[in-house]
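Take a look at the structure below.
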Amino acid sequence: MDWTQWYKDTVNEHAFWLFPLLLLLFLLIINKLLRWVFNGLKNKTPQDTHRWRNALLNALEAPLILSMWLMGAMIAIHHYFPSENEHIALYKMISPVQKIIFKF
């Protein structure tokens with residue numbers, strides 16, 4: 001048995017918990033990256049010279065990070081509860097919320 005077959009068997013066997021683990025890891029990396037970018041933009045110039053820009057960045061940081069985590073939750077829900085299954089009530093709730101928050 002070569003290593004590729006072992007890899008395929010391992011991924012297939014642990015796919016149920018591997019997807020949320022990788023999704024969480026990806027979201028944590030994106031979260032760190034967003035915070036790094038926002039902190040870099042905030043610290044680029046002194047506070048007193050660009051007050052409006054710093055206020056705008058402070059106001060945008062939390063909603064942007066929250067929408068990133070909500071998008072991750074929606075991806076996980078769509079993965080574990082496919083729309084063709086019997087989870088109709090779940091999709092009746094998610095669809096309007098998704099249209100309002102993300103405008104898809």
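As the structure is a prediction and not an experimental result, all values here were calculated from the model.
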- Query: Could you give all pairs that pass the side chain to side chain donor-acceptor pair (under 3.5 Å) test and reach residues 19-29, with sequence neighbours left out?
  - Reply: none
- Task: Could you tell me whether the side chain of F38 reaches within less than 4.5 Å of the side chain of L64, counting heavy atoms only?
- Result: yes
- Task: Examine L60 and W36 and state if one hydrophobic cluster contains both, with Ile, Leu, Val, Met, Phe, Trp and Tyr joined whenever side-chain heavy atoms are less than 4.5 Å apart.
- Result: yes
- Message: I need the full list of salt bridge (Lys or Arg N to Asp or Glu O under 4.0 Å) pairs touching residues 26-38, with sequence neighbours left out, sorted by first then second residue.
- Response: R35-E61
- Heavy-atom neighbours of F19 CZ exceed 12 at 6.0 Å: yes
- Query: Which value, rounded to the nearest 0.5 Å, describes the distance between L28 atom CG and L24 atom CG?
  - Reply: 4.5 Å
- Query: Which value, rounded to the nearest 0.5 Å, describes the distance between M71 atom CE and I30 atom CD1?
  - Reply: 12.0 Å
- Query: Roughly how far, to the nearest 0.5 Å, is the CG atom of N31 from the CZ atom of F26?
  - Reply: 11.5 Å
- To the nearest 0.5 angstrom, please state how far the CG atom of L70 sits from the CD1 atom of I65. 12.5 Å
- Sub-3.5 Å donor-acceptor pair from the side chain of N58 to the main-chain atoms of N54, do we have one? yes
- Task: For L23 and A76, work out which heavy atoms get closest and say how close.
- Result: CD2-CB, 3.9 Å
- Roughly how far, to the nearest 0.5 Å, is CG of L27 from CD1 of I75? 7.0 Å
